[in-house]
2 protein chains.
Amino acid sequence: MARTPTTHDPFNAVAEPRRRQLIQAMGEEELSVNELVELLGWNQPSVSKHLGVLKQVGLVKERRVGRQRMYRLNAERLKPIFEWVAPFEKIWSERFDRLDVVLEKMKKEQ
Amino acid sequence: MARTPTTHDPFNAVAEPRRRQLIQAMGEEELSVNELVELLGWNQPSVSKHLGVLKQVGLVKERRVGRQRMYRLNAERLKPIFEWVAPFEKIWSERFDRLDVVLEKMKKEQ
DNA sequence: ATATTATATTCCTATATAGGAATATGTCAA
DNA sequence: TTGACATATTCCTATATAGGAATATAATAT
């Protein structure tokens with residue numbers, strides 16, 4: 001068996017470095033495929049294919065404008081990742097009180 | 001070409017759901033392999049193999065005690081994931097001021 | 001020395017990619 | 001309708017798994 005498909009799980013989709021770049025490149029603004037091609041310097045099919053994966057997993061939304069397709073980030077899909085990793089931040093961060101409580105809560109929550 | 005190895009990149013290592021479980025199971029306390037086997041209900045080789053990956057990528061530390069091997073989380077290795085995803089939290093969170101500033105900063109930083 | 005306990009490793013297989021190259025599809029302009 | 005532009009898709013291949021089964025290694029006890 002191989003890994004769970006990138007097209008179903010945000011964790012997996014984001015495990016690919018180029019897709020993280022793509023997500024970050026979009027940031028706030030809606031961009032066309034060509035704008036992303038220029039911005040990132042990849043070839044067009046690469047950009048389209050990675051956008052396809054991100055779209056399937058729901059990390060980006062697409063809007064058609066003439067012959068262009070505008071993509072924008074759907075940041076809420078990143079929420080599960082943030083929520084999974086955030087509790088651990090307490091561990092390496094200096095600013096915490098009562099580590100034991102934090103960790104107990106963390107374990108209870110999942 | 002396939003994906004970048006799970007043994008080199010925390011994002012990739014954590015893309016596997018069972019490894020996330022494992023990390024969470026360890027949480028605060030150091031646990032032996034057998035304790036993890038019982039806790040998670042997997043077979044022993046599965047636990048050992050996933051621990052092996054986590055160890056290679058630096059997400060856990062191992063300590064030998066007699067015939068046992070005690071594993072504990074090295075949470076700092078999760079920092080890059082937190083730092084990558086955290087800025088996006090501003091987007092879906094209600095409690096933010098001046099989204100434009102946040103996003104501009106986000107883009108500048110990488 | 002031998003059995004037992006604890007854990008790691010090896011072998012095998014099905015499968016999911018990521019990237020390159022080439023091509024197809026869709027849309028607009030003249 | 002023909003060409004140019006914008007984007008998606010298909011085909012191909014090398015490779016990295018994850019899981020199961022069986023086995024190996026290591027350490028302790030008797």
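In this text, all values refer to a predicted model and were calculated from it rather than measured experimentally.
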Interatomic distance where CD belongs to B/Glu16 and C1' belongs to D/dA16 [whole Å]: 13 Å
C/dT15 P sits how many Å from A/His8 NE2, rounded? 15 Å
Closest of D/dG19, D/dT7, D/dA22 to the B/Pro45 side chain is D/dA22
Residue B/Asn43, side-chain atoms from C-beta onward, closest of D/dA8, D/dA6, D/dG20: D/dG20
State, to 0.1 Å, how close A/Leu31 and A/Ala25 come at their nearest heavy-atom pair, and which atoms those are. CD1-O, 3.8 Å
How does protein reach along nucleotides 25-30 of chain D, written 5' to 3' as B (base within reach of a heavy atom under 4.0 Å), S (only sugar-phosphate), or - (no contact)? --BBS-
From CZ of B/Phe11 over to P of C/dT17, roughly how many Å is that when rounded to an integer? 18 Å
Determine: side-chain N/O of B/Asn34 to OP1/OP2 of C/dT7, distance under 4.0 Å, yes or no. yes
side-chain contact (heavy atoms from CB on, under 4.5 Å) partner of B/Lys61, chosen from B/Glu30, B/Met70, B/Arg72: B/Arg72
What pairs meet the ring-ring contact (aromatic ring centres under 6.0 Å, His included) rule with one or both residues in residues 59-83 of chain A, with sequence neighbours excluded? A/Phe82-B/Trp92
May I have the distance from A/Met70 (atom CE) to D/dA6 (atom C1'), rounded to whole angstrom? 12 Å
Please evaluate the base of C/dA8 for a donor-acceptor partner in the side chain of B/Gln44 within a cut-off of under 3.5 Å? yes
Excluding sequence neighbours, so at least two apart, what forms salt bridge (charged side-chain N to carboxylate O under 4.0 Å, His left out) with A/Arg77? none
Among all residues two or more places apart in sequence or in another chain, which pass the salt bridge (charged side-chain N to carboxylate O under 4.0 Å, His left out) test with A/Arg67? none
What's the CD-P distance between A/Gln21 and C/dG19, to the nearest Å? 10 Å
Whole angstroms only, please: what is the CH2-C1' distance between B/Trp42 and D/dG20? 15 Å
Salt bridge (charged side-chain N to carboxylate O under 4.0 Å, His left out) partners for A/Arg18, two or more places apart: none
Under the salt bridge (charged side-chain N to carboxylate O under 4.0 Å, His left out) test, residues paired with B/Glu76 that sit two or more places apart: none
To the nearest angstrom, the CD-C1' distance between B/Glu62 and C/dT9 comes to 14 Å
If I take atom CG in residue B/Leu36 and atom P in nucleotide C/dA8, what distance separates them, rounded to the nearest angstrom? 10 Å
Pair listing, salt bridge (charged side-chain N to carboxylate O under 4.0 Å, His left out) test, anchored in residues 32-42 of chain A, at least two apart: none
Donor-acceptor contacts under 3.5 Å from residues 45-54 of chain A side chains, at least two apart:
unit_1	atom_1	unit_2	atom_2	d
A/Ser46	OG	A/Asn43	OD1	2.8
A/Ser48	OG	A/Gln44	NE2	2.9
A/His50	ND1	A/Arg19	NH1	3.2

Of all of residues 48-60 of chain B, which get a heavy atom below 4.0 angstrom from DNA chain D, listed by number? B/Lys49, B/His50
Verify the contact: side-chain N or O of B/Tyr71 to OP1 or OP2 of C/dA8, cut-off strictly under 4.0 Å; return yes or no. yes
Just to be sure I understand the rule, does A/Gln68 reach a base, reach only the sugar-phosphate, or reach nothing, if contact means heavy atoms closer than 4.0 Å? sugar-phosphate
